[in-house]
Amino acid sequence: MPESIYDHNQIELKWEERWKNDPDLYRANDPTAKKYYVVEMFPYPSGRLHMGHVRNYSIGDALARYMWMRGFNVKHPIGWDAFGLPAENAAIKRNMHPRDWTISNIAEMKRQMHRMGFAYDWNLEIATCEPDYYKWNQWFFLKMFERGLAYRKKAMVNWCPECATVLANEQVIDGCCWRHETTPVEQRALEQWFWKITEYADELLRDIDDKLQHGWPERVLSMQRNWIGRSEGSEVDFKVESTGEAIRVFTTRVDTIYGATCVILAPEHPIAQKLLDDAGRAKAKQLIDARKQQGPGDLIKDGTFTGQYAINPYSGEKVPIWIGNFVLMDYGTGAIMAVPAHDERDFDFCTTFGIPIRPVIRPVDGELDENPKAAFCEYGITANSGEFSGLPSEEARRKMNQFAEEKGFGKAAITFRIKDWGISRQRYWGTPIPMIHCPKCGVVPVPEKDLPVELPYNVKFTGKGRSPLAEVPEFMNVKCPTCGADAQRESDTMDTFVDSSWYFYRYCDPKNNALPFDSAAAETWFPIDQYIGGVTHAILHLIYSRFFTKVMRDLGMITNSEPAANLFTQGMVLGSDGSAMSKSKGNVVDPEDMVGKYGADTCRLFVLFANAPEKDMPWIESSVGGPRRFLERVWRFVTRNIDRQPENPNPDADRKALRKLHQTIRKVTEDFDNRWHFNTSIAALMELINELYDQEAGLSRGVLDRILWDLVLLLAPFAPFMAEELWEQMGREGPVFRRQWPGWDDELVKEDTLEIPVQVNGKLRTRIAVPLGTSQADLEKIAQADPKVQPFIEGKTVAKVIVVPEKLVNIVVR
RNA sequence: GCCCGAAUGGCGAAAUCGGCAGACGCAACGGACUUAAAAUCCGUUUCUCCGUAAGGAGAGUGUCGGUUCAAGUCCGACUUCGGGCACCA
């Protein structure tokens, strides 16, 4: 009988068809089973999968299938973000409507996901860009507005004068427009909507330490800590000598305030604008412009004297007021005191402009350096600091804060680096902001009963400045809900990060039209057990969604304070040039080609086998043959043994094969439970099949049955098509994923003889084979008597023998 | 500058709690089968040295030092690469 050939196309197309038409395939048998919620992110709205995505989804897919086989009720949705702007640009390029582009893209993605056999829950379909879903973005906006968490202010945006339109940050390349590479981007002030994420800054930071430390990767947490950027310090008022107006400065080193030799304001600072004369204001404008063009990094310190002085409230000293280009308006109070002796930046600035340098901190066991050549930034002991002299920095800060508070010119203060979330986008394809501008009443929210404010379908994409919505009178003209006068709608739409901040809650109740989701449903599924996504989302998405969760909790919608208990950030797939595989770099590998050639199972096995999933994977296609050959070996072994009646069964082969089987079950199970190192799980499966080939001739029928059954179950999370097909050919009842994950027997896992390495002074000299359970004393005796060991201990004193049970013997000689 | 992460054969990698470094796979080489090739099956493969051979000795996980009977793993200092933040007061 000719051996059965593994024809991946025939098998995979067959099962793809069956799975596609079985909406209940991925529902647990038992609705009361414990839940396990896996969410995965699309890294890009590319509309086509590449092998980078395949790797990402293979990870979550294997996990979901495993959890399911462990008896959990698994929800495994996929999320996407940022369909707004890319969709609009792509649609303009193809002369399509963004809505049509989005719908066709999602259909295409869905087709590809099916071809790969991924077990996704597609409940939401296109909801994030349709009124069904974005109605609730608007609802959230109104709630934020009610609670004072949404506000409007003028803010700077990137503006391309050539396109006459607003650009997102990622469309600005080297300070120029992405479509006009020689046109510098300008900054314009536009009225924008903001959400007060800063209100939650403290809690967002605290929860990093309190709750997340075990389930989230350290690198993401440290990026978030960095981004939130809390620093403790003091605010102190320096009064302008001539006007008495207070300049509030922020410092983390109030203990050095007796060394402050000037006050420096950001060029934009309102007080600076008042104090400066015309020439000074021109200089300030020049500094602001120069900073924008240069960008951060290599800025040379520059500034100018305002001609005015301020009073140091601690010493009563009169110090000059300067403006400086390195002082940022949107951090702290936009004003600093310069202590050149103890801060490097102040030192640079003051040496440039000949401002005096006065040290007021000495090292704990050193002298005060009267003429410093460079700034000394460490904590130490205060000196020349009036009544606060001679104190350790820490204590000085405490006492000085207290003093300031008593006298009413300052206090201890905390500043965050994180800024409020600007959610306005001057784009069409996004959620319309549900606000109305009334000439009489000002800004008025759309009443909740009028939601959703729908996007008009007929829109011309003029690319001119305001949102395309502003050009649609039917949309813009509206009556004021308060006074009934003619009014205008807000023409901006929301950042699509708003969509992605809470979509995973909507998944647990996607058809709800009374609320964003039912609280009981959220209570069942949240927090998410496992969130999977690229590290690219570490900052924006993963902070916004934490913020949203806390807001929803405060709205009484949920009880959890964090969206996800565990976060897994998979490594990138690196293209042939060693950089991340991405469409814009043109180094992507298309899964369609690979799937056609090797099959989806092989592709998935290949990307999981390459290395541990949290590490970046270098793309070396030539090694895809290994996983493919492995699957062929499995295929042949199973198909030829389904009905075979063994001629010469022997117990030794049975025992060896069963031992390997049980060892493999344990290994794969532990990998799933602890660390998801699928590469080692797959290596274990390869070892198993190698052992089975060795023992094949001697296996009895009963053992074969057990082995075939478990082998296919073990394979199922990694190669679902083949597993399902083999399961069916074996005549078992499917689907294979409804079967219980196999267990192992600790007795069967044990080897009956052990190979114990014997070292002399830590150097390996031989290995001895001993029966399991040999006593330590016997091990010691056998090891010392070994002919290979003898020459190394002869004539020497055995000082000590270390025996690690079942592991090793080390003989220490002198 | 600050904060994270990484460094192991020709290549991707493994070694999970301080206990045999290189599992598993790729590539390469050799053998079986074949008229031949492919496929398949079975071997060999960290480096250096000794030996005709069976075999043996030494070195070895980016560098230098330390702790330990024992270090890829722990400690101290450094180098290189990758990532994040960056005049954040």
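Below, chains carry the letters A, B, ... as their sequence lines are ordered, and counting in each starts from 1.
Judged purely by distance below 3.5 Å, without hydrogens or angles, the side chains of R644(A) and N641(A) pair a donor atom with an acceptor atom. Residues H677(A) and E614(A) have side chains that bring a donor and an acceptor to within less than 3.5 angstrom of each other.
Syn is the glycosidic conformation of C17(B), whose angle stays within 90° of 0. Look at G65(B): its glycosidic torsion is beyond 90° from 0, and that puts it in the anti range.
The CG atom of D671(A) sits 16 Å away from the P atom of C24(B) (whole-angstrom rounding). What separates CG of D255(A) from P of A89(B) is a distance of 14 Å, to the nearest Å. To the nearest angstrom, P of U40(B) lies 13 Å from CG of N690(A). We find that CG of L608(A) is positioned 15 Å from C1' of C24(B), with the value rounded to whole Å. Rounded to whole Å, the distance from CZ on F678(A) to C1' on A13(B) is 17 Å. Rounded to whole angstrom, the span from the NE2 atom of H537(A) across to the C1' atom of G84(B) amounts to 16 Å. When rounded to the nearest whole Å, the span between CZ of R225(A) and C1' of A86(B) equals 18 Å. Between the CZ atom of F606(A) and the P atom of A13(B) there is a distance of 11 Å, given to the nearest Å.
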Report task. Give the intermediate values and the outcome of side chain to side chain contact (heavy atoms under 4.5 Å, CB included) for residues F347(A) and F349(A). Result -> CA-CA 5 Å; F347(A) 182 85; F349(A) 187 84; over 6 Å; no
Report task. Decide side chain to side chain contact (heavy atoms under 4.5 Å, CB included) for C262(A) and I264(A); before the verdict, give the C-alpha distance in whole Å, the side-chain angles of both, and the deciding distance to 0.1 Å. Result -> CA-CA 6 Å; C262(A) 67; I264(A) 308 174; 3.8 Å; yes
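Of the side-chain N and O atoms in S231(A), one or more sit less than 4.0 angstrom from OP1 or OP2 of A89(B). Taking only side-chain nitrogens and oxygens, N679(A) comes nearer than 4.0 Å to OP1 or OP2 of A14(B). When the side-chain nitrogen and oxygen atoms of R633(A) are compared with OP1 and OP2 of U40(B), none of them lie within a distance under 4.0 Å.
Separating the CD atom in E317(A) from the CD1 atom in I257(A) is a distance of 10.5 Å, to the nearest 0.5 Å. With values rounded to the nearest 0.5 angstrom, L605(A) atom CG is found 9.5 Å from S58(A) atom OG.
Toward the 5' end of RNA chain B, the nearer of the two residues L328(A) and M686(A), judged by each one's closest nucleotide, is M686(A). Of the residues near RNA chain B, F326(A) and E687(A), the one whose nearest nucleotide (by heavy atom distance) lies more toward the 5' end is E687(A).
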Could you list all N or O pairs between the protein and nucleotides 3-5 of chain B that sit under 3.5 Å apart?
none

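Among the heavy atoms of the strands lying under 4.0 Å from Y693(A) are primed sugar atoms or P, OP1, OP2 only; no base atom is included. Residue V327(A) is classed as a base contact, given a heavy-atom separation below 4.0 Å to a base. Contacts of T415(A) with the nucleic acid, taken as non-hydrogen atoms under 4.0 Å apart, are absent.
Under a cutoff of 6.0 Å and an axis angle of 45°, R253(A) and Y379(A) form a cation-pi pair. With F792(A) as the aromatic partner, R765(A) meets the cation-pi criteria of under 6.0 angstrom to the ring centre and within 45 degrees of the ring axis. Under a cutoff of 6.0 Å and an axis angle of 45°, K301(A) and F326(A) form a cation-pi pair.
Shown here, A6(B) forms a base pair with U80(B); the pair counts as Watson-Crick or G-U wobble because both key distances fall under 3.5 Å. Under the Watson-Crick or G-U wobble criterion, with both distances below 3.5 Å, A59(B) is paired with U46(B). With a cut-off of 3.5 Å on both Watson-Crick or G-U wobble distances, the partner of A13(B) is given as none. With both pairing distances under 3.5 Å, U40(B) is matched to A32(B) as a Watson-Crick or G-U wobble pair. The base-pairing partner of C69(B), taking Watson-Crick or G-U wobble contacts with both distances under 3.5 Å, is G19(B).
A salt bridge (Lys or Arg N to Asp or Glu O under 4.0 Å) check over residues 679-699 of chain A, counting only residues at least two apart or in different chains, returns the pairs R640(A)-E696(A), K660(A)-E687(A).
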Requested in this report: Summarise protein proximity over nucleotides 54-62 of chain B in one line of letters, 5' to 3': B for base, S for sugar-phosphate only, - for none, counting protein heavy atoms closer than 4.0 Å.
Outcome: --SSSS---
Report summary line: 5' to 3', nucleotides 26-34 of chain B under a 4.0 Å protein heavy-atom cut-off (B base, S sugar-phosphate only, - none) gives SS-------
Report task. Could you encode protein contacts along nucleotides 64-76 of chain B as a string, one character per nucleotide from 5' to 3', using B for base contact, S for sugar-phosphate-only contact and - for no contact, with a heavy-atom cut-off of under 4.0 Å? Result -> -----BS------
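With both ends at atom C1', the span from U63(B) to A27(B) equals 31 Å, rounded to whole Å. Taking atom P on both G62(B) and A7(B), the two are 8 Å apart, rounded to the nearest angstrom. A gap of 28 Å separates the C1' atoms of G9(B) and A77(B), to the nearest Å. Spacing of C1' atoms, C24(B) relative to U45(B), comes out at 15 Å, to the nearest Å. Separating the C1' atom of A71(B) from that of U61(B) is a span of 11 Å, rounded to the nearest Å. Taking the P atom of each, G12(B) and A70(B) are spaced 33 Å apart, rounded to whole Å. As rounded to the nearest Å, G55(B) and A37(B) have C1' atoms that lie 39 Å from one another. When the P atom is used for both A15(B) and C64(B), the distance is 26 Å, rounded to whole Å.
Qualifying salt bridge (Lys or Arg N to Asp or Glu O under 4.0 Å) partners for R633(A), counting only residues two or more places apart in sequence or in other chains: none. Annotation: side chain to side chain donor-acceptor pair (under 3.5 Å) contacts of S681(A) (sequence neighbours excluded): D671(A). In this view, K807(A) satisfies the salt bridge (Lys or Arg N to Asp or Glu O under 4.0 Å) rule with no residue, not counting sequence neighbours. Remark: E751(A) engages R659(A), Q663(A) in a side chain to side chain donor-acceptor pair (under 3.5 Å) (not counting sequence neighbours). For R767(A), the salt bridge (Lys or Arg N to Asp or Glu O under 4.0 Å) criterion is met by no residue, not counting sequence neighbours. Residues passing the salt bridge (Lys or Arg N to Asp or Glu O under 4.0 Å) test with D786(A), sequence neighbours excluded: none.
Remark: D202(A) engages R230(A) in a salt bridge, criterion side-chain N to carboxylate O under 4.0 Å. Note on E394(A) versus R397(A): salt bridge recorded, some NZ/NE/NH1/NH2 to OD/OE distance being below 4.0 Å.
Sorted by residue number, the list of members of residues 769-777 of chain A with any non-hydrogen atom under 4.0 Å from RNA chain B is empty.
Taking 4.5 Å as the limit, every side-chain heavy atom of W744(A) sits out of range of all side-chain heavy atoms of L661(A). Annotation: side chain of V809(A) is in contact with side chain of I811(A) (closest heavy-atom distance under 4.5 Å).
Out of A89(B), C20(B), U16(B), the shortest distance to the side chain of K667(A) is found at U16(B).
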